[in-house]
Enquirer: 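One structure follows; several queries about it will come next.
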Amino acid sequence: MAALLSTMKFWKPGTEGPGSSISEDRQSTTETAGTTVVYNPYASLSIEQQRQKLPVFKLRNHILYLIENYQTVVIVGETGCGKSTQIPDRYLAEAGWTAEGKVVGVTQPRRVAAVSVVAGRVAEERGAVLGHEVGYSIRFDDCSDPQATRIKFLTDGMLVREMMADPLLKKYSVLMLDEAHERTLYTDILIGLLKKIQKKRGDLRLIVASATLDAEKFKEFFNRNETNDPINDTCAIMTIQGRTFPVDIFYTLSPVPDYVKATVETVMKIHQNETDGDILAFLTGQEEVERVVAMVIEQARALSRSGMKKHLRVLPMYAGLPYSEQMKVFERVSHNVRKVVVATNIAETSITINGIVFVIDCGFVKLRAYHPETAIESLVVVPVSQASAKQRAGRAGRNRSGKCYRVFTEEDFEKLPSATVPEMQRSNLAPVILQLKALGIDNVLRFSFLSPPPAQSMVQALELLYALGGVDEHCQLTDPLGLRMAEFPLNPMYAKMLLESGKFGCSEEILSVAAMMQIQNVFVTPPNQKAQAAQEHRKFAVSEGDHLTMLNVYEAFIKHEKSSQWCQEHFLNYKGLVRATAVREQLKRLLSKFKLPKTSSEAVGDPDPVLRCIVSGFFGNAAKLHYTGSYRTIRDDHELHIHPTSVLYGEKPPQWVVYNEVIQTSRYYMRDITAVEPSWLLELAPHFYQQGTHLSLSEKRARVS
DNA sequence: GAGCACTGC
């Protein structure tokens with residue numbers, strides 16, 4: 001301990017000068033899974049006073065001038081400097097951009113942001129009705145009126161959906177993409193599509209709200225000036241100063257051998273040396289979070305025994321945590337208690353906790369990566385980007401000036417990548433390509449991506465879509481199969497499975513399976529009740545695998561009248577299951593729209609139709625048991641293992657399985673697995689598999705033997 | 001015998 005402490009004894013303030021202070025807005029929203037708390041620091045001021053405090057207010061004329069004269073305006077400003085509310089609402093609407101039935105649209109990467117902006121706006125304006133003049137539209141919740149709504153907030157994914165019905169987005173006069181610097185998959189899709197639309201719609205104005213770093217990249221992308229004279233620019237950049245609390249940045253003097261231990265020590269050091277203020281620590285995953293929580297609790301006990309008056313309340317925060325546990329991080333604590341929240345990346349953008357004064361940044365993050373050669377996704381721990389580190393630090397300055405302790409050296413910070421690789425470049429592109437094709441982008445390889453994905457990722461996506469029958473040999477979307485697949489808000493394998501379910505006589509069951517597979521963490525396991533939870537979960541498990549197990553859970557949930565009490569008793573994710581019912585409804589509506597037969601295999605009581613139907617979508621993800629005890633993919637003999645969350649984990653392993661996805665962590669793990677018969681693969685995907693023989697086979701075909 | 005960043009349609 002002493003040796004470790006010595007590495008942590010010294011902190012070095014950042015040397016960036018004023019830049020080392022990170023600032024953030026003070027209007028914040030706090031939310032988990034459906035509950036929204038709007039925090040307004042200016043609640044005691046009149047509405048007009050509040051508005052004038054926002055920095056955008058002064059820039060009104062400048063903004064309006066730019067929007068009048070440039071097709072695209074990149075607005076640089078800290079999140080929530082007022083731009084997403086003030087610009088559309090007060091400026092654009094007042095200047096006539098919502099006249100003649102036109103709409104100003106504002107997109108957000110996350111659902112809650114879209115809702116809370118509208119809710120906040122309605123709350124402050126007496127007489128305003130939610131969903132009339134100002135509305136929002138997110139999946140499962142359209143709170144807008146096609147006739148009355150003039151300013152519409154939506155998730156970026158929702159706007160992509162709207163384009164399927166209205167490819168030129170004719171009703172919009174201005175579109176504002178908020179948080180564009182996050183570079184989510186859908187924001188990037190929109191960026192490419194909007195550039196295309198702009199060529200046909202000179203009247204459409206685009207506002208891209210971004211952080212400093214990316215402004216020039218956005219400008220280069222959207223600027224259609226082909227001369228050297230800036231007078232012909234079609235894109236302009238403007239900067240809004242944020243109102244900020246300074247955050248002092250500290251680095252370690254030397255590299256730290258173990259950031260988990262170092263984080264614990266930093267928490268204790270802050271607790272002993274600083275009078276008040278809550279602490280937020282960033283780690284990469286659930287396991288690290290739980291470890292830090294346990295270690296801090298232990299050390300805090302020792303401190304209390306030795307007479308420390310101020311106590312610690314240590315709380316974990318990650319997406320897989322039961323909802324009631326998550327809510328604890330928002331509870332207020334009494335003045336002689338200091339709150340310590342130990343969180344994953346969920347606290348970087350998705351949730352905001354008030355009262356945080358100290359941030360500890362371990363310097364790493366767990367990210368999804370995609371290997372285009374093998375079409376395998378993985379979760380890898382990588383160093384954070386500078387942009388991420390700044391965002392984390394900003395979490396300390398929401399209520400007053402704060403401090404951020406980076407558990408790495410300033411030298412190492414300088415070596416970090418400036419921004420995180422956009423999701424587009426580290427994802428399976430099959431859903432993206434399908435969507436683009438449905439929107440009439442024939443040559444996806446020539447689509448103007450702001451950051452083009454690896455060509456191999458696109459090839460993998462096209463091969464999968466071809467195997468599923470969604471595109472033909474010329475890579476053209478098939479009619480009706482490909483067109484219908486694109487309409488489902490699902491990965492194409494699920495869409496195929498659903499569209500085939502009528503044939504197998506089990507569409508009711510497959511609807512439930514598909515809906516359940518969209519929910520994360522159906523089984524919840526509180527850290528202190530692991531054994532009981534596992535015992536309850538076993539009650540739903542069947543030897544066929546995870547899909548039928550999930551079907552059991554869903555049907556039991558319905559049988560027990562969607563009772564939250566029942567969910568709690570069986571350690572099931574209530575909110576998740578409620579969401580599954582909503583997803584199922586949506587999918588069912590789509591099946592009805594295509595006039596596909598509604599069938600059920602329940603009366604037959606035979607699971608085979610459901611299993612065969614799953615194979616019709618997931619035949620590409622098949623694996624065979626190897627004599628070593630692990631599995632090998634049929635396609636390319638890749639070694640796979642059963643994920644410990646699977647009900648088949650620790651059971652007698654089936655000879656043949658199909659799986660929904662592979663995740664690489666310490667090994668390659670299959671998630672959501674079902675036992676199948678090899679004959680089904682041959683029967684349902686003869687174009688993909690053929691019977692193994694001694695003769696050499698074409699490379700494209702894999703053997704089932 | 002041993003593991004699950006986070007969104008979104």
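Because the structure is a prediction, the values reported are computed rather than measured. Chain naming here is simple, since letters A, B, ... match the order of the sequence lines and numbering starts at 1 in each.
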Enquirer: Send over the distance from A:D141 CG to B:dC9 C1', rounded to a whole Å.
Expert: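 Nearest whole value for this atom pair: 14 Å.
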Enquirer: Below 4.0 angstrom from OP1 or OP2 of B:dC6, is there any side-chain N or O of A:T349?
Expert: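 So the side-chain polar atoms of A:T349 never come under 4.0 Å of the phosphate oxygens OP1 or OP2 of B:dC6.
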Enquirer: Grab the NZ-C1' distance between A:K366 and B:dT7 for me, whole Å please.
Expert: 17 Å
Enquirer: What is the distance, to the nearest angstrom, from the CG atom on A:L439 to the C1' atom on B:dC9?
Expert: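 Distance check: A:L439 CG to B:dC9 C1' gives 12 Å.
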Enquirer: Are A:Y494 and A:F618 an aromatic pair, judged by ring center distance below 6.0 Å?
Expert: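 Aromatic pair counts; centres sit under 6.0 Å.
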Enquirer: Mind checking if A:E348 touches a base, just sugar-phosphate, or nothing, with heavy atoms under 4.0 Å?
Expert: nothing
Enquirer: Is A:R667 near enough to B:dG3 that one of its side-chain N or O atoms lies under 4.0 angstrom from OP1 or OP2?
Expert: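 A:R667 to B:dG3 OP1/OP2: no side-chain N or O under 4.0 Å.
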Enquirer: Out of B:dC9, B:dT7, B:dA5, which nucleotide sits closest to the side chain of A:R139?
Expert: B:dC9
Enquirer: Pick the nucleotide of DNA chain B nearest each of A:V365 and A:Q586; which residue has the one closer to the 5' end?
Expert: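 Result of the comparison: A:V365.
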Enquirer: Expressed as a whole number of angstroms, how long is the span from A:F488:CZ to B:dG8:C1'?
Expert: 18 Å
Enquirer: Enter the distance from A:N528:CG to A:E325:CD here, rounded to the nearest 0.5 Å.
Expert: 7.0 Å
Enquirer: So which nucleotide from B:dG3, B:dG8, B:dC6 ends up closest to the side chain of A:A319?
Expert: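 Looking only at side-chain atoms, A:A319 lies closest to B:dC6.
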Enquirer: What residues form a side chain to side chain contact (heavy atoms under 4.5 Å, CB included) with A:R111, not counting sequence neighbours?
Expert: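 A:R111 satisfies side chain to side chain contact (heavy atoms under 4.5 Å, CB included) with A:I138, A:R139, A:F140, A:T155, A:R579 only.
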Enquirer: Can you tell me if A:Y669 touches the phosphate of B:dG3, counting only side-chain N or O atoms and a distance under 4.0 Å to OP1 or OP2?
Expert: yes
Enquirer: Quick one: are A:Y554 and A:L511 in side-chain contact, heavy atoms under 4.5 Å?
Expert: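 No, too far: nothing below the 4.5 Å cut-off.
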Enquirer: I need the CD1-P distance between A:I351 and B:dT7, as an integer number of Å.
Expert: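 Nearest whole value for this atom pair: 9 Å.
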Enquirer: As a test of reading the structure: which of B:dC9, B:dA5, B:dG3 is closest to the side chain of A:T645, going by heavy atoms?
Expert: B:dG3
Enquirer: Atom CG of A:L498 to atom C1' of B:dC9: distance rounded to whole Å?
Expert: 14 Å
Enquirer: Does A:S666 have a side-chain nitrogen or oxygen under 4.0 Å from the phosphate oxygens OP1 or OP2 of B:dA2?
Expert: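 For B:dA2, neither OP1 nor OP2 has a side-chain N or O of A:S666 closer than 4.0 Å.
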Enquirer: Once you round it to whole Å, what is the distance between C1' of B:dA2 and NZ of A:K530?
Expert: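 For the pair A:K530 NZ and B:dA2 C1', the rounded distance is 10 Å.
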Enquirer: Under 4.0 Å, heavy atoms only, any strand: does A:R368 hit a base, just the sugar-phosphate, or nothing?
Expert: base
Enquirer: Just compare B:dT7, B:dC9, B:dA5 and give me whichever is closest to any side-chain atom of A:Y186.
Expert: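 It is B:dC9.
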Enquirer: Would you mind reading off the distance between A:M670 atom CE and B:dG3 atom C1', rounded to a whole angstrom?
Expert: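 Going from A:M670 (CE) to B:dG3 (C1'), I get 15 Å.
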Enquirer: Sequence neighbours left out, what passes side chain to side chain contact (heavy atoms under 4.5 Å, CB included) with A:T349? Give chain and number order.
Expert: A:R110, A:E182, A:Q391
